[in-house]
Amino acid sequence: MDNTGAFGRIYKIVADIPAGKVASYGQVAALAGNPRLARRVGQALSRPPKELALPCHRVVKKDGTLAPDQVFSGLQRPMLEAEGVRFLNDGRVDMEACRWAPEEE
């Protein structure tokens with residue numbers, strides 16, 4: 001697995017997302033240096049090195065939609081709720097309230 005280069009940058013960014021916050025695939029891609037590579041973020045997070053213990057559940061689609069249930073065995077929402085992430089009535093993450101803003105830290 002590529003822990004250097006683009007994947008390494010992605011892993012570092014995802015590791016920095018704090019509990020209670022989420023980032024979109026595109027946001028992670030932009031922070032890693034190329035906002036057009038959101039799919040690459042998905043590839044990197046599909047099989048991350050276990051030893052990194054990345055909080056992949058904190059990465060969602062730009063509109064707050066969660067990954068399909070099979071990706072996190074249906075546990076993405078409960079994990080996020082346990083961290084204090086708020087959800088809209090339609091089941092999406094409240095991105096306005098919970099989007100990670102590393103520049104504000």
Side-chain angles (χ1 to χ4, degrees):
M1 186 62 63
D2 178 11
N3 290 341
T4 61
F7 277 25
R9 288 190 303 275
I10 290 165
Y11 296 151
K12 168 72 174 98
I13 292 160
V14 172
D16 289 343
I17 303 170
K21 295 293 181 181
V22 297
S24 71
Y25 292 95
Q27 180 183 0
V28 172
L31 291 168
N34 191 334
R36 299 179 59 119
L37 293 180
R39 287 181 185 259
R40 182 78 179 240
V41 173
Q43 291 171 343
L45 299 182
S46 68
R47 292 182 300 276
K50 290 189 188 305
E51 66 271 13
L52 296 180
L54 296 174
C56 297
H57 65 286
R58 296 181 188 149
V59 181
V60 299
K61 293 183 182 178
K62 66 181 175 184
D63 69 352
T65 301
L66 302 178
D69 280 347
Q70 69 268 20
V71 175
F72 292 99
S73 301
L75 298 175
Q76 186 177 21
R77 182 173 177 146
M79 288 189 293
L80 291 171
E81 286 177 326
E83 295 178 353
V85 171
R86 296 193 325 223
F87 284 80
L88 301 171
N89 289 336
D90 63 6
R92 294 178 296 128
V93 170
D94 183 344
M95 294 300 283
E96 187 174 318
C98 299
R99 182 186 310 273
W100 177 45
E103 62 279 356
E104 294 177 5
E105 293 182 350

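- Geometric assessment of R39 against the ring of Y25 yields a negative cation-pi assignment under the 6.0 Å and 45° thresholds.
- Taking hydrophobic clusters as Ile, Leu, Val, Met, Phe, Trp and Tyr residues chained together by side-chain heavy-atom distances below 4.5 Å, V60 shares a cluster with F87.
- Between I17 and R58 the shortest heavy-atom distance is O-NH1, 2.7 Å.
- Follow the hydrophobic side-chain contacts under 4.5 Å out from I10 and you reach L31 in the same cluster.
- Grouping the Ile, Leu, Val, Met, Phe, Trp and Tyr side chains by contacts below 4.5 angstrom, directly or via other members, places L75 with V71.
- Here the straight-line distance linking atom CZ of R9 with atom CG of N34 works out to 9.0 Å at 0.5 Å rounding.
- Here R92 pairs with D90 in a salt bridge; the nearest charged N to carboxylate O distance falls below 4.0 Å.
- Tracing side-chain contacts under 4.5 Å through hydrophobic residues (I, L, V, M, F, W, Y), one reaches V14 starting from L52; they form part of the same cluster.
- The nearest pair of heavy atoms linking A38 to A29 is N-CB, 3.8 Å.
- Residues Y11 and A44 share a closest heavy-atom pair of OH-O, 3.1 Å.
- Residues L37 and F7 do not share a hydrophobic cluster, defined by chaining ILVMFWY side chains whose heavy atoms lie under 4.5 Å apart.
- Listed here is the closest heavy atom pair of I13 and V28: CD1-O, 3.8 Å.
- The two residues G91 and R77 come nearest to each other via the heavy atoms CA-NH1, 3.6 Å.
- Remark: Q70 CD is packed, more than 12 non-hydrogen atoms of other residues, nucleotides or ligands lying under 6.0 Å away.
- The main-chain N or O of A67 is found under 3.5 Å from a side-chain atom of Q76 such that the two form a donor-acceptor pair.
- In this structure, W100 and A23 approach most closely via the heavy-atom pair CE3-CB, 4.1 Å.
- Just one residue in the list M95, Q27, E83 forms a side-chain contact (heavy atoms from CB on, under 4.5 Å) with V22, and that residue is M95.
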Tell me, with the steps shown, if C56 and F72 meet side chain to side chain contact (heavy atoms under 4.5 Å, CB included). CA-CA 9 Å; C56 297; F72 292 99; 4.2 Å; yes
